[in-house]
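Residue numbers start at 1 and run along the sequence shown. Since the model is a prediction, treat every value here as computed from it, not as a measurement.
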Amino acid sequence: MLVLVTGGAGFIGSQIVTVLTRAGHHVRVLDALLPAAHRGTPPVPEGAEWLEADVRDPAAVEGALRGVDAVCHQAAMVGLGKDFADAPEYVGCNDLGTAVLLAGMARAGVRRLVLAGSMVVYGEGRYECARHGVVRPGPRRVAELDAGRFEPPCPACGEPLAPGLVDEEAPADPRNVYAATKLAQEHLAAAWARATGGRAVALRYHNVYGPGMPRDTPYAGVASLFRSALARGEAPRVFEDGGQRRDFVHVRDVAAANALALSGAPEIPERALRAFNVGSGEPHTVGELAAELARACGGPAPVTTGEYRLGDVRHITASSLRLRDELGWKPEVRFAEGVAEFATASLRG
């Protein structure tokens, strides 16, 4: 099978390319090498075909799709960015880029897509109130955050909530620009599937970490920010009180999920998109990640700052049972093992 991997030179995309080539697939990489993600030209795995071009370029996409059997769409701007002024670039890269790609696939007759989705489409995770059952907290309030009250209260009675695992049937509630673009990508893919008879899988990644993460940039994930600080001999700076619950999933497990989704895509009904959470099933707090990394690096202990980003959510952790049950995926890298490896792994310059 010839697979086009957009964003295939990136952190996650390059791992997917490696897994696919080792499985005997032919892989073509399309990557624009945007400065926000790349400070140089990264190595392309041996055996992969390389095209440096932007997914927003229709002519480049047309050429990249020649002879392709399936597309693994990883190209995107990630993270919260610096401020709302980033919105046009996020929409251009993520949504316009996806639209151009899907239009090219429609013309080329390519009918199989795996899309890099994200848990950010859910907004806040699943919460339960002792009195009112499952509830959805409202938007975070600046006054509460300034006062150091980070836990969302029950919207009905104001009492504390118990966080739980969110599944794919939870309603979407994107709470920042990046989240809105990731949800729009899913809607575009679903529209493409309906119009063309295609099959689409959206893999909603949780907090992906591992070797090859970009170094400290405004768009980097929290694991990379902590790791970069420790490499400089500085204490990791933990926002809020460090109690934010996340699901940290290793990049090799995410790459394996993509490979399974590509091979299992024929099981997805025609003219449909099927979403799958991709998480370790082993929730940890941001503070725990920082402390574990600091221990593994032999660096200074984390500092909890009380700072916050309004676009962040408090807790979001996944149920990945659908991916396990339907495609047979299971994570292989445990948290302690993965963090210990990550503590000494190289980062992208």
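Contact annotation: the side chain of Val61 approaches that of Val55 to within less than 4.5 Å [non-hydrogen atoms, C-beta and beyond]. At a threshold of 4.5 Å between non-hydrogen side-chain atoms, the residues Arg245 and Ile316 do not count as touching.
Taking Ile, Leu, Val, Met, Phe, Trp and Tyr as hydrophobic and joining them when side-chain heavy atoms fall under 4.5 Å apart, one finds Leu310 in a cluster with Val142, Leu145, Phe150, Tyr308. When hydrophobic side chains of Ile, Leu, Val, Met, Phe, Trp and Tyr are connected at separations under 4.5 Å, Val303 ends up as a singleton with no cluster partners. Through direct or indirect side-chain contacts shorter than 4.5 Å among Ile, Leu, Val, Met, Phe, Trp and Tyr, Val135 is connected to Tyr127, Leu161.
Classified by interplanar angle (parallel below 30°, tilted 30° to 60°, perpendicular above 60°), the ring pair Phe342/Tyr209 is perpendicular.
Arg112 places a side-chain N or O within donor-acceptor distance of the main-chain N or O of Leu262, the cut-off being under 3.5 Å. Not a single donor-acceptor pair under 3.5 Å links the side chain of Arg314 to the backbone N or O of Glu124. Although no hydrogens or angles enter the test, the distance criterion places no donor-acceptor pair under 3.5 Å between the side chain of Asp241 and the main chain of Gly306. When atom types are taken as modelled, the side chain of Arg271 and the backbone of Arg194 share a donor-acceptor pair closer than 3.5 angstrom.
Applying the ring-ring contact (aromatic ring centres under 6.0 Å, His included) rule to His284 yields the partners Phe335; only residues at least two apart in sequence or on another chain are considered. By the salt bridge (Lys or Arg N to Asp or Glu O under 4.0 Å) test, Arg295 pairs with Glu292, sequence neighbours left out.
At a cut-off of 3.5 Å, with distance as the only test, a side-chain donor of Asn94 or Thr181 sits close to an acceptor on the other residue. Side chain to side chain, His250 and Glu341 meet the donor-acceptor criterion of an N or O pair below 3.5 Å.
Heavy atoms from other residues, nucleotides or ligands lying under 6.0 Å from CZ of Arg22 number 12 at most. Annotation: Arg232, atom CZ; neighbour count of heavy atoms from other residues, nucleotides and ligands within 6.0 Å is above 12.
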Under the criterion side-chain hydrogen bond (donor to acceptor under 3.5 Å, both in side chains), I'd like the reasoning laid out for Glu307 against Thr305: C-alpha separation, chi angles, the key distance, then a yes or no.
CA-CA 5 Å; Glu307 297 171 85; Thr305 69; 3.1 Å; yes
Just distance, no hydrogens or angles: give the donor-acceptor pairs under 3.5 Å from side chains in residues 70-80, sequence neighbours left out.
residue	atom	partner	partner atom	Å
His73	ND1	Thr6	OG1	2.6
His73	NE2	Thr98	OG1	3.0
Gln74	OE1	Tyr205	OH	2.8
Gln74	NE2	Tyr205	OH	3.3
Gln74	NE2	Asn258	OD1	3.1

